[in-house]
Student: 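After the structure tokens below, expect a handful of questions from me.
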Amino acid sequence: FARTENKRLYDRLDGGLVKLVEAGEAVDIFAEELREKKIIVDAKSKEVTEMIAMIKERSADAASKQEYAAQKEVQLTEELAIIKVEKKEAEDALAEAEPALEEAAEALNQLKKEDITEVKQFSNPPVAVISVMQMVLELKPSGTENPAEGWKAAKLMLNDPQFINKLKNYPKDNMKESQVKKVQKIMNKKEADPKKKLTEENLKRVSNAATGLFKWCSAILNYYGVAK
């Protein structure tokens, strides 16, 4: 009986040991599987982290671009408003300058060839005529006139068969302030004798051509004053 009991206990113990060994092997296998899965999880975790970082970067970039676009839209709106105002001012200035241009054109249309010939034939021209011709020289209708040569340069300018056409097509938008000031200085020169002052009324008594050229110079200066 004792032997039988001992055998039963042995078998039971042996069975328990076998199960412990099997359990240990199962634990090792499970641990290996966990290590393999951990490697996969770590890789996926890194991938997800990188993806999140990339999404954040793209989101920040998109937000920055959106903010820039909004700023540009505001800037463009402001610039368009300024352009609109400037366009209106330019249109108003042009409308105001048109009468001066029409006046200049009319002054030239009234000039006759014989009027120009009359001025050229002056051997000792009146001071008023010299002053008016000096004004025209300062404005340089051909662009090559030399105002420093005075009456000599004036006669050369009058001999140009295209003289009147050059005045009609004068590049009025390219006038320099220095030219305008020189013409104004001549025009506004003070005279003790009122009859010597440069005015249309005084010039009419001396020369039709000088009168017409004076009116043209005055109109061109009026245009400059409005358009500048």
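Computed from heavy atoms alone, side chains included, the values below leave out hydrogens, waters and symmetry copies. Position 1 is the first residue of the sequence, and the numbers go up from there.
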Student: Under 3.5 Å, sequence neighbours excluded: what are the donor-acceptor pairs made by side chains of residues 55-62?
Tutor:
residue : atom : partner : partner atom : Å
Ser59   : OG   : Ile55   : O            : 2.7
Asp61   : OD2  : Lys65   : NZ           : 3.3

Student: Which one of Thr117, Ile164, Val119 satisfies the side-chain contact (heavy atoms from CB on, under 4.5 Å) criterion with Leu158?
Tutor: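 Of the listed residues Thr117, Ile164, Val119, the side-chain contact (heavy atoms from CB on, under 4.5 Å) partner of Leu158 is Val119.
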
Student: Any non-hydrogen side-chain atom of Ser64 less than 4.5 Å from a side-chain atom of Tyr68?
Tutor: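 A side-chain contact under 4.5 Å is absent here.
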
Student: If we only count heavy atoms from C-beta on, is the Phe163 to Leu111 side-chain gap below 4.5 Å?
Tutor: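 Side-chain contact under 4.5 Å: no.
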
Student: Met175 and Tyr224: which non-hydrogen atoms are nearest, and at how many Å?
Tutor: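 Shortest heavy-atom separation between Met175 and Tyr224 comes out as CE-CB, 3.5 Å.
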
Student: For residues Pro126 and Val206, report the shortest heavy-atom separation together with the two atoms involved.
Tutor: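 Reported closest heavy-atom pair: CG-CG1, 3.4 Å.
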
Student: List the atom of Ile220, the atom of Lys172, and the distance in Å for their closest heavy-atom pair.
Tutor: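 Shortest heavy-atom contact: CD1-CB, 4.4 Å.
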
Student: Could you tell me if the ring centre of Trp151 sits under 6.0 Å from that of Phe122?
Tutor: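 No, the ring centres sit 6.0 Å or more apart.
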
Student: Would you indicate whether the side-chain heavy atoms of Val136 and Cys217 approach each other to under 4.5 Å?
Tutor: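 Yes; the side chains approach each other to less than 4.5 Å.
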
Student: Could you walk me through whether Gln110 and Lys215 pass the side chain to side chain contact (heavy atoms under 4.5 Å, CB included) test, one step at a time?
Tutor: CA-CA 11 Å; Gln110 290 176 1; Lys215 288 170 68 176; 3.4 Å; yes

Student: Using the salt bridge (charged side-chain N to carboxylate O under 4.0 Å, His left out) criterion, which residues pair with Arg35? Sequence neighbours excluded.
Tutor: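 Salt bridge (charged side-chain N to carboxylate O under 4.0 Å, His left out) check on Arg35 returns Glu32.
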
Student: How would you list, by chain and number, every residue that makes a side-chain contact (heavy atoms from CB on, under 4.5 Å) with Glu79, sequence neighbours excluded?
Tutor: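 With neighbours one apart ignored, the set is Gln75, Leu76.
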
Student: Clusters formed by hydrophobic residues whose side-chain heavy atoms approach within less than 4.5 Å: which one holds Leu156, and what are its other members?
Tutor: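 Traced through the cluster, Leu156 reaches no other member.
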
Student: Is there a chain of hydrophobic side chains (I, L, V, M, F, W, Y, each step under 4.5 Å between heavy atoms) that links Val180 to Tyr223?
Tutor: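 In one cluster: no.
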
Student: Please name all residues satisfying salt bridge (charged side-chain N to carboxylate O under 4.0 Å, His left out) with Glu36, sequence neighbours left out, ordered by chain then number.
Tutor: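 Glu36: no salt bridge (charged side-chain N to carboxylate O under 4.0 Å, His left out) contacts found.
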
Student: Please report the closest heavy-atom contact between Gln184 and Leu221, naming both atoms and the distance.
Tutor: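 Heavy atoms only, the tightest pair is CG-CD2, 3.5 Å.
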
Student: Counting only pairs under 3.5 Å, give me each side-chain donor-acceptor contact of residues 38-47, with atom names and distances, residues two or more places apart or in other chains.
Tutor:
residue : atom : partner : partner atom : Å
Lys38   : NZ   : Asp42   : OD2          : 3.0

Student: Give the minimum heavy-atom separation between Leu137 and Pro147, together with the two atoms involved.
Tutor: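 Looking at all heavy atoms of both residues, the shortest contact is O-CG, 3.6 Å.
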
Student: Determine whether more than 12 heavy atoms belonging to other residues, nucleotides or ligands lie under 6.0 Å from atom NZ of Lys120.
Tutor: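 Yes, NZ of Lys120 has more than 12 neighbouring heavy atoms, counting only those of other groups under 6.0 Å.
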
Student: Just wondering, do Leu198 and Met135 contact through their side chains at under 4.5 Å, heavy atoms?
Tutor: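 When only atoms from C-beta onward are counted, Leu198 and Met135 do touch, with a gap below 4.5 Å.
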
Student: Write out all pairs satisfying salt bridge (Lys or Arg N to Asp or Glu O under 4.0 Å) with one or both partners inside residues 142-167, taking only residues at least two apart or from two chains.
Tutor: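 Listed once each, the pairs are Asp160-Lys166.
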
Student: Apply the hydrophobic cluster definition, ILVMFWY joined by side-chain contacts under 4.5 Å directly or through others, and give me every member besides Leu80.
Tutor: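 Reading the cluster by chain and number, Leu80 sits alone, since nothing else belongs.
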
Student: Is any side-chain heavy atom of Leu213 less than 4.5 Å from a side-chain heavy atom of Met133?
Tutor: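 Of all side-chain heavy-atom pairs linking Met133 with Leu213, at least one is under 4.5 Å.
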
Student: Looking at Glu201, I want to see if its CD is surrounded by more than 12 non-hydrogen atoms of other residues, nucleotides or ligands under 6.0 Å.
Tutor: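 Counting other residues, nucleotides and ligands, CD of Glu201 stays at 12 neighbours or fewer.
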
Student: Under the rule for salt bridge (charged side-chain N to carboxylate O under 4.0 Å, His left out), what residues qualify as partners of Lys88, not counting sequence neighbours?
Tutor: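 Here the qualifying residues are Asp92.
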
Student: Residues in side-chain contact (heavy atoms from CB on, under 4.5 Å) with Glu191, at least two apart?
Tutor: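 For Glu191 the side-chain contact (heavy atoms from CB on, under 4.5 Å) partners, ignoring immediate neighbours, are Lys189, Lys196.
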
Student: Which residue pairs pass the side-chain hydrogen bond (donor to acceptor under 3.5 Å, both in side chains) test with at least one member in residues 131-140, sequence neighbours excluded?
Tutor: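 Listed by first then second residue: Gln134-Glu138.
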
Student: With sequence neighbours left out, write down each residue that passes salt bridge (charged side-chain N to carboxylate O under 4.0 Å, His left out) with Glu177, or none if nothing qualifies.
Tutor: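 By the salt bridge (charged side-chain N to carboxylate O under 4.0 Å, His left out) rule, Glu177 matches Lys181.
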
Student: Heavy atoms, side chains only, cut-off 4.5 Å: are Leu139 and Leu167 in contact?
Tutor: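 They are not in side-chain contact.
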
